[in-house]
Amino acid sequence: MNTIPRDFDPIPSTRNRVRVGVASLKQAADEADALAVPVGADAEPPEELGTDLAGLASAGFTGRRGETLVLPRADGPVRVAVGIGGRGEIDATVVRDLAAEFARAVPWHRKLAIEVAAGDVSVADFAQAVTEGVLLARWRYFVGRDADQPTLDSLLIVASDEDTPAAEAGVERGQIVAAAYNLGRDLANCPATTLSAVRMAEVALEVGTASGLEVEVFDKDQLIAMGCGGLLGVNRGSVEPPRMIRLRYQPTDPTGRIALIGKGIMYDSGGISLKPSDESHAQMKNDMTGAATVLASMTALRDLGCTTAVTGYLMCTDNMPSGSAMKLGDVLTMRNGTTVEVLNTDAEGRLVMADALALATEEPVDAIVDIATLTGACLRTFGVEIAGVMGNNSAVVEQLRRAGDTVDEPVWELPLHRSYRSQLDSTIADMTNMGGINAGSITAALFLEEFVAGLPWAHVDIAGTAQLPAPRTWRNKGATGFGTKLLIEFALQFARPEES
Ligand code: BES
Ligand code: MN
Ligand code: ZN
């Protein structure tokens, strides 16, 4: 459709795989060019650091958690003292953060090794968290000169012979999770003109098929036949055609069935309700982060041995102003027959999600989860590190909250307060797509609830967490792909909510 001077690879990080392995301290010292050594506060460091407590103190290193100090050596890998602190539990979240701090402390070293810190996590969980921390911290999205240059060649985790099998199992899981996460980040950061809805479907076919998913792509004619008036309405202003992508992960003897629905607005200009040309407008290539995380998380399910059957829906189009765009006051008929009066074309996410929610209820399913960069109000409420969650089923909401805790992608519940539903009343249709100026995240969720037919459902609003102004530990600056680990963990741990 559009001619672009250079056709970027939308998913560069999937093309180079870092070698991650388990080794003895001697092997690691021989092969690596930087070795991380954990150091407790006020504790004598291990011998291989090559200095003692007084030496560290003279360099101003205190062993505070997350502190790093690079110690040059005449021979062998540079040693990096990594502070683990004095007190407090060392869980997987701490290990992941410390590994990421190490990886960031030696940005030019490409052969890293890390020693195990005595903590409260199992060897396997430690190895997984280290692998995730390093691979996530070293990811970057860059399409300039030297774009093909890998930022990391290898990572070795030091373990005894006895611990090696468990460490290797953890490394394997960490690699699967990090590869999925980095795929989601690639997609979220890829410029919108390069990653159109059509291209997104091509990527889904490529990576979905390679990871054992069934991938079905629905084009505009099929969407018309299916009555997906929300996705089609939003697409009307665009020269790029829409795509709905349905992914299926079908394990033998599934222990439960879930549907995951991702908002895939490839670019959100606001449409006729055009956004101002401010900083947040410039971030709107990330308005497909929900779709990116559904696709990315599903690529990991088979290899992680997930026993939950998962159907994913990616609702992809951009939201553009033009002579053919939706007009304010237009009425759309959604997949389930509900009519919606469009009072603001910038409230487009809920329109595309509505069709998928309705489709998801048409098949047997134990729970539906949708994930969307849905409301600026969620960013205002929670900032950039916590996502919002709302739903009609406390068990599903609680499972999401717990999954977020486990993987360090926190989500916090807002009340789905039903009396606010009247803000969506329309005089000419079943409802409007616009609530009042207050409680925007809640009225958006109340809109979505209309399409789930009373089935157990929760909605995750990642409008705040989809973009970070500065990196922190394993988190990257720019489009974050927040939610991939959350959805993986949710699917792995999913338990059917009690029938009520
Ligand atoms: N994609 C935006 C939400 C968003 C805003 C994400 C800022 C990240 C940062 C969404 O489509 C949108 O425009 N929402 C409107 C809804 C309103 C018009 C009811 C909003 O939040 O302002
Ligand atoms: Mn919008
Ligand atoms: Zn949007």
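Count residues from 1 along the sequence. Note that ligands are numbered from 1 as they come in the structure, with each ligand's atoms numbered from 1 the same way.
When only modelled atom types and interatomic distance are considered, Ser441 and Thr375 share a side-chain donor-acceptor pair under 3.5 Å. Side-chain polar atoms of Thr338 and Asp430 form no donor-acceptor pair below 3.5 angstrom. With 3.5 Å as the limit, one finds no donor-acceptor pair spanning the side chains of Asp408 and Thr93.
Within 6.0 Å of the CD atom in Glu362, the count of heavy atoms belonging to other residues, nucleotides or ligands exceeds 12.
Here the angle at the Zn ion (ligand 3) defined by OE2 in Glu348 and OD2 in Asp287 stands at 100°, rounded to 10 degrees.
Residue Asp287 has at least one nitrogen or oxygen atom sitting less than 3.5 Å from a nitrogen or oxygen atom of ligand 1, judged on distance alone. Residue Gly349 has no nitrogen or oxygen atom sitting less than 3.5 Å from a nitrogen or oxygen atom of ligand 1, judged on distance alone. Ligand 1 has an N or O atom lying under 3.5 Å from an N or O atom of Lys275, backbone or side chain. Residue-to-ligand polar distances keep Ser280 apart from ligand 1: every N/O pair is separated by 3.5 Å or more.
Residue-level check: among N/O/S atoms of Asp268, OD2 sits closest to the Mn ion (ligand 2). Closest N/O/S atom of Glu348 to the Mn ion (ligand 2): OE1.
With Tyr249 as the partner, the side chain to side chain contact (heavy atoms under 4.5 Å, CB included) test is satisfied by one option alone out of Thr311, Leu301, Ile258: Leu301.
In terms of protein heavy-atom proximity, atom 2 (C) of ligand 1 is closest to Asp268 OD2, 3.6 Å. Shortest contact from atom 10 (C) of ligand 1 to any protein heavy atom: Leu374 O, 3.3 Å.
Under 4.0 Å from ligand 1, not a single heavy atom of Gln283 appears.
The shortest non-hydrogen separation linking Gln250 to Pro254 is NE2-CG, 3.9 Å.
Using a 4.0 Å cut-off between charged side-chain N and carboxylate O, Lys263 and Glu348 make a salt bridge.
Residue Arg350 holds the heavy atom nearest to atom 16 (C) of ligand 1 of all those in Arg350, Glu348, Glu279.
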